[in-house]
Amino acid sequence: EVQLVESGGVVVQPGGSLRLSCAASGFTFDDYTMYWVRQAPGKGLEWVSLISWDGDKTDYADSVKHRFTISRDNSKNSLYLQMDTLRTEDTALYYCVGSGSDYYYFEYWGQGTLVTVSS
Amino acid sequence: QSRLTQPASVSGSPGQSITISCTGTDIDVGRYNYVSWYQQHPGKAPKLIIYDVIERPSGISYRVSGSKSGNTASLTISGLQAEDEADYYCSSYTSSTTSYVFGTGTRVTVL
């Protein structure tokens with residue numbers, strides 16, 4: 001059974017930093033492109049970032065570019081999101097998502113971890 | 001960044017068919033056959049129900065189908081059932097400054 005379990009979501013002050021983690025199991029992690037997708041309370045889905053199976057390619061939404069950094073450790077079946085210079089508008093449930101490397105959709109979803117940016 | 005445009009809400013009676021539109025531009029929906037759809041029940045994670053415009057993942061009901069014409073993709077649910085009441089989002093790969101874009105979301109209500 002595929003499992004994606006996010007962790008690291010907390011309450012943080014504006015301007016602060018946070019690192020989210022996602023532990024993957026039940027599939028061949030290093031065959032998959034991984035993503036972060038977020039959802040602000042009561043709002044829609046927003047694509048945040050992607051990383052290729054080997055970590056060579058990364059991409060970011062304009063809203064987080066130069067502030068967030070995605071990374072992965074295939075030896076630990078883990079995905080990460082380093083979030084710096086956090087803003088109140090970054091408050092959201094952050095989902096870890098995976099899909100086969102040649103696919104252009106979001107196949108497997110975690111349950112999300114909540115990040116709240118507030119003073 | 002821009003989002004794909006969906007109607008805020010769609011409703012139908014049990015047994016009826018509904019269609020949700022997803023309008024983009026010629027750099028996303030119109031350029032690529034990489035439109036996907038997601039169903040999200042309250043408090044739950046989204047679930048993939050259509051990919052590559054028309055393909056259904058294993059285990060997804062035949063009552064769900066997708067299509068595309070020009071810059072607009074559509075999701076049709078036939079034989080509407082109570083369990084279909086949820087939020088639905090489209091997504092597309094894009095040649096914009098970012099790789100993917102989601103739709104604004106549609107709440108489906110079964111009357």
Side-chain angles (χ1 to χ4, degrees), chain A residues 1-6 9 22 24 27 32-52 56-68 70 89-90 92-114, chain B residues 1-9 20 22 24 28-29 31-60 66 68 73 75 86-107:
Chain A
E1 180 194 4
V2 170
Q3 278 201 318
L4 294 169
V5 180
E6 304 91 339
C22 171
F27 64 103
Y32 278 66
T33 298
M34 297 300 296
Y35 306 86
W36 289 99
V37 174
R38 69 184 181 183
Q39 186 169 34
K43 303 296 184 181
L45 301 174
E46 181 185 14
W47 177 79
V48 173
S49 184
L50 71 82
I51 186 166
S52 60
D56 275 359
K57 177 185 175 183
T58 60
D59 195 16
Y60 301 89
D62 289 342
S63 56
V64 307
K65 205 168 284 185
H66 308 305
R67 298 189 299 121
F68 290 10
I70 192 172
E89 55 264 37
D90 295 319
L93 188 64
Y94 284 74
Y95 291 104
C96 170
V97 185
S99 191
S101 291
D102 295 329
Y103 304 148
Y104 293 84
Y105 50 84
F106 309 106
E107 186 173 10
Y108 300 125
W109 295 69
Q111 289 304 305
T113 186
L114 182 62
Chain B
Q1 66 207 54
S2 300
R3 287 181 180 264
L4 308 176
T5 301
Q6 299 180 230
S9 62
I20 302 169
C22 169
D28 39 62
V29 175
R31 175 169 293 185
Y32 303 102
N33 287 325
Y34 295 138
V35 176
S36 51
W37 290 89
Y38 304 86
Q39 177 192 59
Q40 186 179 33
H41 286 110
K44 300 294 187 181
K47 176 183 179 181
L48 176 69
I49 58 173
I50 290 286
Y51 66 94
D52 294 352
V53 179
I54 62 171
E55 302 295 334
R56 268 192 316 273
S58 173
I60 299 301
K68 190 184 88 167
L75 176 75
D87 293 328
Y88 292 81
Y89 295 91
C90 60
S91 178
S92 176
Y93 185 73
T94 173
S95 58
S96 174
T97 54
T98 58
S99 296
Y100 290 90
V101 61
F102 277 99
T104 49
T106 298
R107 176 149 297 177

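- Across all non-hydrogen atoms, the minimal contact from A:Q111 to B:A45 is NE2-CB, 3.9 Å.
- The environment of OH in A:Y103 is sparse: at most 12 heavy-atom neighbours from other residues, nucleotides or ligands sit within 6.0 Å.
- Within the model, atoms OH of A:Y104 and CG of B:D52 stand 10.0 Å from one another, a figure rounded to the nearest 0.5 Å.
- In this structure, chain A has a heavy atom under 4.5 Å from the side chain of B:Y38, while its backbone stays farther away.
- Evaluation of the salt bridge (Lys or Arg N to Asp or Glu O under 4.0 Å) rule for A:K43 yields no partner, not counting sequence neighbours.
- Looking at A:Y35, the atoms closer than 4.5 Å to chain B (heavy atoms on both sides) all sit in the side chain, from C-beta outward.
- When all heavy atoms of A:Y95 and B:Q40 are compared, the pair lying nearest together is OH-NE2, 3.4 Å.
- For the set A:K65, A:Q39, A:E107, the entry with the most heavy-atom pairs within less than 4.5 Å of chain B is A:Q39.
- Across all their heavy atoms, A:L50 and B:Y100 have their closest contact at CD2-CE1, 3.9 Å.
- The shortest heavy-atom contact between B:T98 and A:A61 is CG2-CA, 3.4 Å.
- In terms of heavy-atom pairs under 4.5 Å with chain A, the best-connected choice from B:Y93, B:Y51, B:Y32, B:F102 is B:F102.
- Counting heavy-atom pairs closer than 4.5 Å to chain A, the top-ranked of the candidates B:G105, B:S36, B:P46, B:S91 is B:P46.
- For A:V37, the part lying near chain B is the side chain, with the backbone staying farther off; criterion is any non-hydrogen pair under 4.5 Å.
- Within 6.0 Å of CZ on A:R67 lie more than 12 heavy atoms contributed by other residues, nucleotides or ligands.
- For the residue pair A:D59 and B:S99, a side-chain donor N or O sits within less than 3.5 Å of a side-chain acceptor on the partner.
- With contacts defined as side-chain heavy-atom distances shorter than 4.5 Å, the pair A:W47/B:V101 does not qualify.
- A heavy-atom distance below 4.5 Å is not found between the side chains of A:F106 and B:Y89.
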